[in-house]
Amino acid sequence: MAARQAGLSVFDAVFMAAVVYSGASQFALVGLISSGAPALVAGVSALLLSLRHVFYGPVLAPSLRRVGGWRKAVVAFGLTDEVFAVALGRLRQRPATFSWMVGLEAGAYVPWLSGIAAGAIAGDALVRQVPLIAPALSFALPALFVALLATLLPLDSGSRASGIRLASIGAVAVAGAVAGVLYFAGLENWGVLAAGVAGPVAGICLKKWRANEQ
Amino acid sequence: MSNDSPLFFVLIGLGVYLTRLVPLLLALRRGAGDGETDETPGAMDGWLGFVGPSVIAALLVTAVLPQPGQALWPDLARTGVALLPTVAVAVGFKNLGLTVLVGIFSYGLASAVI
């Protein structure tokens, strides 16, 4: 739905989901495409968001030793946030087989693509039936970003005690402020990249300050 | 290259895929399997752990700010009113679809009033 609002066709939306296959990166691409950002900025931002994936393989590696050869390349494609979370819980008990991992990953991939296609088609139909809803649909993308932030921010009590929660909220606040200032300065295309550096720097400083306090 | 061409999406997809594949292959090659660690590496709490939320926050800010030439305050007021229930549902339920639906509905209502 958000992709259609950004001007992508149903095919483009599904194709992007099929090859990029990373919710946060896809949503970032949709947002940056709709704002007319250059390809370089959109690409770097999407890849920055996928950097968290570098930890999934090494963490799961102890349980994936029975998966050999080309099968590793297949398994790696589906190592999303959801698959990682489910696999981590299950693989603590027993090593993974190739068929188990592929089954788990297909169970995430197929519904993901189906959902994207259904959203793109249903969004179109909805706007045709109820034209008044079109302006409200423009809020789909901001709402997606809010939902993603809620899942990415460590808001639990354990994170609060360790200072990670404060550092993360500080990082988000600084990133948002940097993006806002650059937006009003007419540099909105660079705001996301600048925030991707300034936010983490603020987060690390806050984390160290909190550690020294304790 | 256009930022909405299929080739562009393929290149980004390749980059995302490599962030999953290369660390897995390196970990398996150096025998990380012997470690039986089930803890996320400490670096996750460091710089990289803050990158995702920071980039999303920046995208959110640029998505809700009015385009140049648009009236600033009415647009900000509509957005602010719509954000309140959206954030509440996002934090309370952590459900992507529900949050988007509430966001669209709230913004529609706010637009009708403001």
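Every chain is numbered from 1 and lettered A, B, ... according to where its sequence line falls, protein lines coming before strand lines. The basis for the numbers below is simple: all heavy atoms, side chains too, and nothing from hydrogens, waters or symmetry mates.
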- Where does A:Ser35 contact chain B at under 4.5 Å (heavy atoms): side chain, backbone, both or neither? neither

- Honestly, the part of A:Ala18 sitting under 4.5 Å from a heavy atom of chain B is neither

- Query: Would one find more than 12 heavy atoms of other residues, nucleotides or ligands at under 6.0 Å from atom CZ of A:Phe184?
  - Reply: yes

- Message: More than 12 heavy atoms of other residues, nucleotides or ligands under 6.0 Å from NZ of B:Lys94: yes or no?
- Response: yes

- When rounded to the nearest 0.5 Å, the distance separating CG of A:Leu144 from CG of B:Leu59 is 11.0 Å

Do the non-hydrogen side-chain atoms of [X] and [Y] ever get within less than 4.5 Å of each other?
X: A:Pro142; Y: B:Thr79; value: no
X: B:Phe9; Y: A:Leu8; value: yes
X: B:Tyr17; Y: A:Val20; value: no

Nearest heavy atoms of [X] and [Y], plus distance in Å:
X: B:Arg20; Y: A:Ser22; result: NH2-CB, 3.8 Å
X: A:Ala46; Y: B:Ile12; result: CB-CG2, 3.9 Å
X: B:Val100; Y: A:Ala143; result: CA-CB, 3.8 Å

- Message: Would you call the rings of A:Phe139 and B:Tyr107 parallel, tilted or perpendicular, taking 30° and 60° as the class edges?
- Response: parallel

- Query: Does the side chain to side chain contact (heavy atoms under 4.5 Å, CB included) test come out yes or no for A:Phe27 and B:Leu96, once each step is laid out?
  - Reply: CA-CA 12 Å; A:Phe27 301 145; B:Leu96 212 69; 4.0 Å; yes

- Against chain A, label B:Ser111 side chain, backbone, both or neither, depending on which of its atoms sit under 4.5 Å from a heavy atom there. neither

- Task: Select one option (side chain, backbone, both, neither) describing which atoms of B:Leu25 are under 4.5 Å from chain A's heavy atoms.
- Result: side chain

